[in-house]
Structure formats: structure tokens, C-alpha cells
Amino acid sequence: QKEVEQNSGPLSVPEGAIASLNCTYSDRGSQSFFWYRQYSGKSPELIMFIYSNGDKEDGRFTAQLNKASQYVSLLIRDSQPSDSATYLCAVRLTTGGGNKLTFGTGTQLKVEL
Amino acid sequence: GAVVSQHPSWVICKSGTSVKIECRSLDFQATTMFWYRQFPKQSLMLMATSNEGSKATYEQGVEKDKFLINHASLTLSTLTVTSAHPEDSSFYICSAERRGEQFFGPGTRLTVL
């Protein structure tokens, strides 16, 4: 079982719709969860992070964490063509692993006009 | 902001030669930097954790004698790919840690002929 799993997609949504990206993780002791956006040929850029169960909103983005289900998601409201990218979920494992991040394989999002 | 640079942004070299990649934190000091490798259509794979003033910690399966890491100052870490082979061709990305967050450099695309 992979430590961090994401559906590779592509996930296609029309412009203006809500895009929902999902991620599951295997280590129940995971502490912190990150969402990165990566455009083709570029390095990842941090969108947001979440530590506590529930929702965290930042502009058009909402991260949702459910530690009991070992599930974290990212919602993008009013999706724009510029949101088309690969979205990487990253998990910081238990404190014994230091500050290393383990990345999922990413979900490709396509926002269509 | 937290800006991380990498140099060079791309490099082409002959098989058997060595290539050095620099990672700099421009506006903050980073005790810890990380080196990742990303093959096409795949996620980021952590190669090693670089700690200023001490030996790097390599992930399982990464050859420490082939991928030499030096973190000589709080703003600079270098990765040297020794005796490069075509299978080392990849996108190498560094990140620098500040207050628990990782900030990524723009990446270096290495092509070994």
C-alpha cells in the first residue's frame, strides 16, 4: 500500500465549477498535510496546509481533513483555466520521520472553457 | 517571502561526467534542505535530507557515493551527480525549510547523453 494515494486523473471540470481533489494516507500518526500545485515543467508551489480535523479555507481553496478516515481533500471553487495543473498531496509523517514530506503521485486537473 | 533558487536551471552533459547543482535560500537561513528527483509523469521522490554542518541523510536506495551532497552554509546546499548516466536524466528539485514549511526551488533539468 502506498503511503499517500491520489487518483492520477485527469479530472476535467468546466470553468466556474467546483473541482474536488482527494488524497488518502496510510500512516495514522501523520501530523500535517499539504497541497501543492505543479505546472508542467515547473516545481511545486504550496497552496495550503492543514493540521486539524475539519475545513480550512483560503480564498477559492478549501482543504478538508478527516483523520479518522485518513482522508484529506482540496476543493477549488470557481475553477479557472489557470487552475489546470497537477495537484500534489503531501503528508508529513510521524515526528520520528523528522520534517520529511511524502508526496502522492498527483492528480491532473483540467479546467475546460 | 521565502525564495529558493537553483542553478543551473538545465544542464546537458556527457555520460561519465559529473554535474553540480546548487540550491540557495535567498532571503532566509535554512538549517535543513531537501533534494528530490522527479521522473516524467511521476511524483517527487525524496533523495536526501541535507543538514548544515553535518552529513546528509539519504533515503533507502539512493547511492550516497553517486549523489554527493554538501551543505556548507545556512544558505547553500549542493548536489553533485557523479559519473552521470542516461538513467540519471531527471528533474532535480531542492527545497529549503523555514518554520516547518518547505519552499521549493525552480528545479534543474538534467539530461545525460
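Below, read A as the first sequence line, B as the second, and so on, with proteins coming before strands; counting in each chain starts at 1.
No more than 12 heavy atoms of other residues, nucleotides or ligands sit less than 6.0 Å from atom NZ of K20(B). Summarising the local packing, NZ of K42(A) is surrounded by 12 or fewer heavy atoms from other residues, nucleotides or ligands at distances under 6.0 Å. For H7(B), the NE2 atom counts as loosely surrounded, since its 6.0 Å shell holds 12 or fewer non-hydrogen atoms of other residues, nucleotides or ligands. Around NZ of K110(A), the count of heavy atoms belonging to other residues, nucleotides or ligands within 6.0 Å does not exceed 12.
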Using the side chain to side chain contact (heavy atoms under 4.5 Å, CB included) rule, take Q42(B) and T105(A) through it: C-alpha gap first, then chi angles, then the decisive distance, then the call.
CA-CA 6 Å; Q42(B) 296 186 25; T105(A) 52; over 6 Å; no
Could you walk me through whether Q38(A) and L44(B) pass the side chain to side chain contact (heavy atoms under 4.5 Å, CB included) test, one step at a time?
CA-CA 11 Å; Q38(A) 186 176 27; L44(B) 277 73; 4.1 Å; yes
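No continuous path of ILVMFWY side-chain contacts below 4.5 Å connects V4(A) to M45(B), so the two sit in separate hydrophobic clusters. Linking Ile, Leu, Val, Met, Phe, Trp and Tyr whenever their side-chain heavy atoms come within less than 4.5 Å puts F34(B) and L46(A) in one cluster. Linking ILVMFWY side-chain heavy atoms closer than 4.5 Å, directly or via other members, places I50(A) and I76(A) in a single hydrophobic cluster. Using a 4.5 Å cut-off between side-chain heavy atoms of Ile, Leu, Val, Met, Phe, Trp and Tyr, with links allowed through other members, I47(A) and L75(A) fall into different hydrophobic clusters. Taken together through direct or relayed side-chain contacts under 4.5 Å among Ile, Leu, Val, Met, Phe, Trp and Tyr, L21(A) and V13(A) form part of one hydrophobic cluster.
Across all non-hydrogen atoms, the minimal contact from Y36(A) to Q102(B) is OH-O, 3.5 Å. In plain terms, the two heavy atoms of E101(B) and F49(A) that are nearest each other are OE2-CE2, 3.5 Å. Contact record, S43(B) with F103(A): OG-CB, 3.3 Å, taken as the closest heavy-atom pair.
Within the 4.5 angstrom heavy-atom criterion, only side-chain atoms of I93(B), from C-beta onward, approach chain A. Heavy atoms of E97(B) lying under 4.5 Å from chain A belong exclusively to its side chain. At a 4.5 Å heavy-atom cutoff, E45(A) makes no contact with chain B through either its backbone or its side chain. Using a 4.5 Å cut-off between heavy atoms, F103(B) does not touch chain A at all.
Interatomic distance, OG1 of T86(A) versus NZ of K41(B), reported as 7.5 Å (0.5 Å rounding). Rounding to the nearest 0.5 Å places OG of S43(A) at 9.5 Å from CD of Q38(B). With rounding to the nearest 0.5 angstrom, the OH atom of Y36(B) is 4.5 Å from the CG atom of L101(A).
Between chain A and the residues G100(B), P40(B), G107(B), the most heavy-atom pairs under 4.5 angstrom are made by G100(B).
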